[in-house]
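In what follows, chains are A, B, ... by sequence order, proteins preceding strands, each numbered from 1. Please read all numbers here as calculations on a predicted model, not as lab measurements. Note that these values count all heavy atoms, side chains included, but never hydrogens, waters or copies made by symmetry.
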Amino acid sequence: MLVERTQNPTHGDYSVTLPLKLARTLRRPPITIANELAAAMALPPSFGRTTVAAPGFINVTLEPAWLQAQLASIADAAERWGRSEIGRGVKVQVEFVSANPTGPLLFSHARGAVVGDVTARILAASGFDVQREYYVNDRGRQIRLLGESIQARMIDRPVPEGGYSGDYIAEIATEATARAISPEPVTLSEFGVEWVQRRIQEDLARLDVRHDQLFLESSLYAGWDQETMAKLASLGRVAQHDGATWFKSDSGKDEVIIKRDGYPTYFWSDVLYHRDKFEKRGFDRVVDVWGADHQGQIGRVREALGVLGIDPQRLAVLLVQLVSVKRGEETVRMSRRAGVGISLKEMLDEVGPDAVRYFFLLRSADAQMEFDVDLARRQSSENPVYYAQYAHARLANVLTFGAGVSAQPALGRLDSEWELELMRVMLRWPDVVREAAEAREPHRLAFFTDELAAAIHRFYKNCRVVTEDAPLTAARLLLSRAAKTTIGNALGLMGVAAPDRM
RNA sequence: GUCCCCGUAGCUCAGCCUGGAUAGAGCACUGGCCUCCGGAGCCAGGAGCACAGGUUCAAAUCCUGUCGGGGACACCA
C-alpha cells in the first residue's frame, strides 16, 4: 500500500489513494473501501488522526504532540539527522569531472563537478560505500598535441594544427624552460599534464570538490587490453577489416576499437575502463557523470559490458546538460567541444563557490540551464544562496541570544501554524535524502533547503523566541536548535557553507 | 534521416519516473510591515501546463503524432 504526501496541507500530512485504484477490481464504491481500510489501519491516536474524504481518499494528519516529541531527537542526532543505512554493504563508484588534462577547467565542467560531488555526498550519507574517481586521459593525440604546443612555445615555432594556444601554455613553457626541461614533445607532454592536473585540482579544491583517486587511462594498457581483447575474441566479437580492429555489435554497426594507425579509440578505453571498475575492482554499482555530448557513448559501452558478462544495469550514467552564462543582456553558450568559454577560476573569483554550487543544484542535471551571473553575485536578498544561509545565521544568533535560559520546555505550546509548519518541513529531511539517493537527483536538496529556509524565516518573524516566559522560550529554543541542525545538514550535504554570522 | 534531453507565470526553473482532491518557487513588477532575538526578512497582488489526438473514474504527469529549442550519430576527444 502506497502512502504518499498530500499536495494540499488542508488534507493532512499523508494520503492513501488505494481505495480509488481498487474500486474497479473489487467492483465496490471507493468510499466504502476507504472506510473499511481506514478502520483496519488503526493508527495509534497519539500519532495521527485518520479521515476519509470523497471520492475515496484516506488522509492522515499528524498530531501536534507527536511532531513536538520529535524535536529533541533531531537536535540530539546533530549531523546524523537525515543519514541512513539503505546502502549498507553496497560498493559504489562515482566518476566525475574527468576533463582532459590539456587545459584548465571551464565553467561548464563545474556543473558536472558539483552534480558528481553532491551525488557522492548523498550516497555516502545513505550508507553506501562510496569511491570518488577522476579518469585522466593521459595518452592519445590530444596529449601529444599538448606536448607539441608547449614545445612550439619554447622554441618559438607556430602552434601545430589543432594545438593549444591559451595563456597557460605560455606559463608552462616558461616554467619548463626555467627548470631546464628538455624540449622533447614526450617529456613536455608529461610535464604539461602534471602542470594542468595540478591547476585543475586547485580549482576543484576551491569548489570543495575532492576525489579519492585519479585513474590513469594509460594504466589500462599494461596487459588488461590484451586480456580483454582475447576475451572478446573468444566470444567471437572481434573482427579485422579495413586495416582496423572492430567490435562486432548486435546493432550491425560495428565499432572501431583499434584504428588503422594502431592507436586505440576512446570507445575501447571506455570498455577497458568500465570492465576494470566492475571486474577488477568489484564495484557493485557505478555512476558516471558525463556531459550531454557523450550521450551517444552510453549504448555502446552498455552493450560491450553485457557482452563481457557484466549486467549493464549496474552502470548508471548521469547526463549533465549544457550551461549557458548570462551576463547583463549577453548570453554565452558554453561548448566543451569548441573549447571556448569562461574558465571556472574566473567564475569562482566573480561569484564564489557557494553561489556556483547552489545555483547548479537549483536545476535538475538533465535540463539545460542558464546561469545568471548578475543574480549569483548580488550580495542581497534576491540571491537564493543568502536566503538559505541567512536562515541558518538567524537561528545561530537567536540560540546565542537565548543561551542563558534554562527551564523545562513547554513543547505543547509550540502550536502556532508557523511552528507546526516548520516541524512538518524538517521532518521530511530523511525522506528527501533517501529519495535523492535513490533517484540520484541532487537538486532535490536545494529545493528542500529553500522551502525549509522559508519556514524558518516565517517562524522567526511570527514567533519571538526569547521572552520572559521561560518554559515557552526553552521550547522555542529547542525548535530552533532542531531547525538549525536540519538546514545546517542540508547545506552541508550540498557543500555550501552554513555560517553562524554573515 | 535515426537517437537523447527540453518546451509549465514576463524571465529562470521545480512538479512528470511511481496519474488523484484549488499546479509551486525564485527573479521582475505593484502595494503594505522595523517599540522587541539580525529587514540578507515577512505579508498581499496578477499571470501558466507548446499543439492535437488517445488511455483512465481521474492526465502537467502515461501512449501516439505535430511544431519549436538544444545535443549526439567519426578510424574526433
So [X], base contact, sugar-phosphate only, or nothing? Heavy-atom distance under 4.0 Å.
{"X": "A/Ala367", "value": "sugar-phosphate"}
{"X": "A/Tyr266", "value": "base"}
{"X": "A/His457", "value": "sugar-phosphate"}
{"X": "A/Asp366", "value": "sugar-phosphate"}
{"X": "A/Thr400", "value": "nothing"}
{"X": "A/Arg464", "value": "base"}
{"X": "A/Tyr263", "value": "nothing"}
{"X": "A/Asn59", "value": "base"}
{"X": "A/Arg458", "value": "sugar-phosphate"}
{"X": "A/Gln389", "value": "nothing"}
{"X": "A/Asn462", "value": "nothing"}
{"X": "A/Ile298", "value": "nothing"}
{"X": "A/Ser364", "value": "sugar-phosphate"}
{"X": "A/Gln142", "value": "sugar-phosphate"}

Nearest to the side chain of [X], heavy atoms from C-beta on, is which of [options]?
{"X": "A/Tyr387", "options": "B/A77, B/G41, B/C5", "answer": "B/G41"}
{"X": "A/His443", "options": "B/G39, B/A14, B/C75", "answer": "B/A14"}
{"X": "A/Gln321", "options": "B/C5, B/C42, B/G15", "answer": "B/C5"}
{"X": "A/Val398", "options": "B/G39, B/A74, B/C37", "answer": "B/C37"}
{"X": "A/Gln368", "options": "B/C75, B/G69, B/G71", "answer": "B/G69"}
{"X": "A/Arg394", "options": "B/G15, B/G20, B/G41", "answer": "B/G41"}
{"X": "A/Lys461", "options": "B/G15, B/C42, B/G71", "answer": "B/C42"}

For atom [atom1], what is the distance between [N] and [M], given to the nearest Å?
{"N": "B/A50", "M": "B/U61", "atom1": "C1'", "result": "16 Å"}
{"N": "B/C76", "M": "B/C29", "atom1": "C1'", "result": "49 Å"}
{"N": "B/A44", "M": "B/C11", "atom1": "P", "result": "25 Å"}
{"N": "B/C6", "M": "B/C13", "atom1": "P", "result": "13 Å"}
{"N": "B/G15", "M": "B/G48", "atom1": "C1'", "result": "14 Å"}
{"N": "B/C62", "M": "B/U18", "atom1": "P", "result": "9 Å"}
{"N": "B/U12", "M": "B/G70", "atom1": "P", "result": "14 Å"}
{"N": "B/A23", "M": "B/A60", "atom1": "P", "result": "9 Å"}

Between A/Arg300 and A/Lys21, the residue closer to the 5' end of RNA chain B by nearest nucleotide is A/Lys21
Note: for A/Arg139 and A/Arg444 on RNA chain B, the residue whose nearest nucleotide lies more 5' is A/Arg444
Between A/Pro19 and the options A/Ile33, A/Asn35, A/Val52, the side chain to side chain contact (heavy atoms under 4.5 Å, CB included) test singles out A/Ile33
Side-chain N or O of [X] less than 4.0 angstrom from OP1 or OP2 on [N]?
{"X": "A/Gln7", "N": "B/A21", "answer": "yes"}
{"X": "A/Arg363", "N": "B/C6", "answer": "no"}
{"X": "A/Tyr164", "N": "B/A77", "answer": "no"}
{"X": "A/Arg141", "N": "B/A77", "answer": "yes"}
{"X": "A/Thr265", "N": "B/C75", "answer": "no"}
{"X": "A/Lys253", "N": "B/U2", "answer": "no"}
{"X": "A/His294", "N": "B/C4", "answer": "no"}

Whole angstrom is fine here: how far is it from [atom1] in [X] over to [atom2] in [N]?
{"X": "A/Leu20", "N": "B/A59", "atom1": "CG", "atom2": "P", "result": "13 Å"}
{"X": "A/Asp354", "N": "B/A40", "atom1": "CG", "atom2": "P", "result": "18 Å"}
{"X": "A/Arg5", "N": "B/G24", "atom1": "CZ", "atom2": "P", "result": "17 Å"}
{"X": "A/Tyr358", "N": "B/A25", "atom1": "OH", "atom2": "P", "result": "15 Å"}
{"X": "A/Asp293", "N": "B/C76", "atom1": "CG", "atom2": "C1'", "result": "11 Å"}
{"X": "A/Glu161", "N": "B/A77", "atom1": "CD", "atom2": "P", "result": "15 Å"}
{"X": "A/Glu468", "N": "B/C36", "atom1": "CD", "atom2": "P", "result": "16 Å"}
{"X": "A/Gln297", "N": "B/C4", "atom1": "CD", "atom2": "P", "result": "17 Å"}

Should the ring pair [X] and [Y] be called parallel, tilted or perpendicular, given that the plane angle runs from 0 to 90° and is split at 30 and 60?
{"X": "A/Tyr273", "Y": "A/Phe215", "answer": "tilted"}
{"X": "A/Trp290", "Y": "A/His294", "answer": "tilted"}
{"X": "A/Tyr387", "Y": "A/His457", "answer": "tilted"}

request  = Test ring pair (Phe, Tyr, Trp, His ring centres under 6.0 Å) on A/Phe107 and A/Phe360 and set out the steps.
outcome  = CA-CA 11 Å; A/Phe107 185 55; A/Phe360 280 135; 5.2 Å; yes
### Query
Would one find more than 12 heavy atoms of other residues, nucleotides or ligands at under 6.0 Å from atom CD of A/Gln197?
yes
Query - CZ/A/Arg49: more than 12 non-hydrogen atoms of other groups inside 6.0 Å - result: no
message: Test your reading of the model: is there a side-chain donor-acceptor pair from A/His211 to the backbone of A/Phe96, 3.5 Å cut-off?
response: yes
Examine [X] relative to [Y] and say whether NZ or CZ is less than 6.0 Å from the centre of the six-membered ring and inside a 45° cone about the ring axis.
{"X": "A/Arg300", "Y": "A/Phe247", "result": "no"}
{"X": "A/Arg139", "Y": "A/Tyr221", "result": "yes"}
{"X": "A/Arg144", "Y": "A/Tyr263", "result": "yes"}

Test salt bridge (Lys or Arg N to Asp or Glu O under 4.0 Å), reference A/Asp13, set A/Arg5, A/Arg428, A/Arg424, output is A/Arg424
Classified by glycosidic angle (syn within 90° of 0, else anti), B/C34 comes out syn
For RNA chain B, the dot-bracket notation using Watson-Crick and G-U wobble pairs below 3.5 Å, [ ] for pseudoknot-type crossings and | for other-strand pairs, is (((((((..((((......[...)))).(((((.......)))))....(((((..]....))))))))))))....
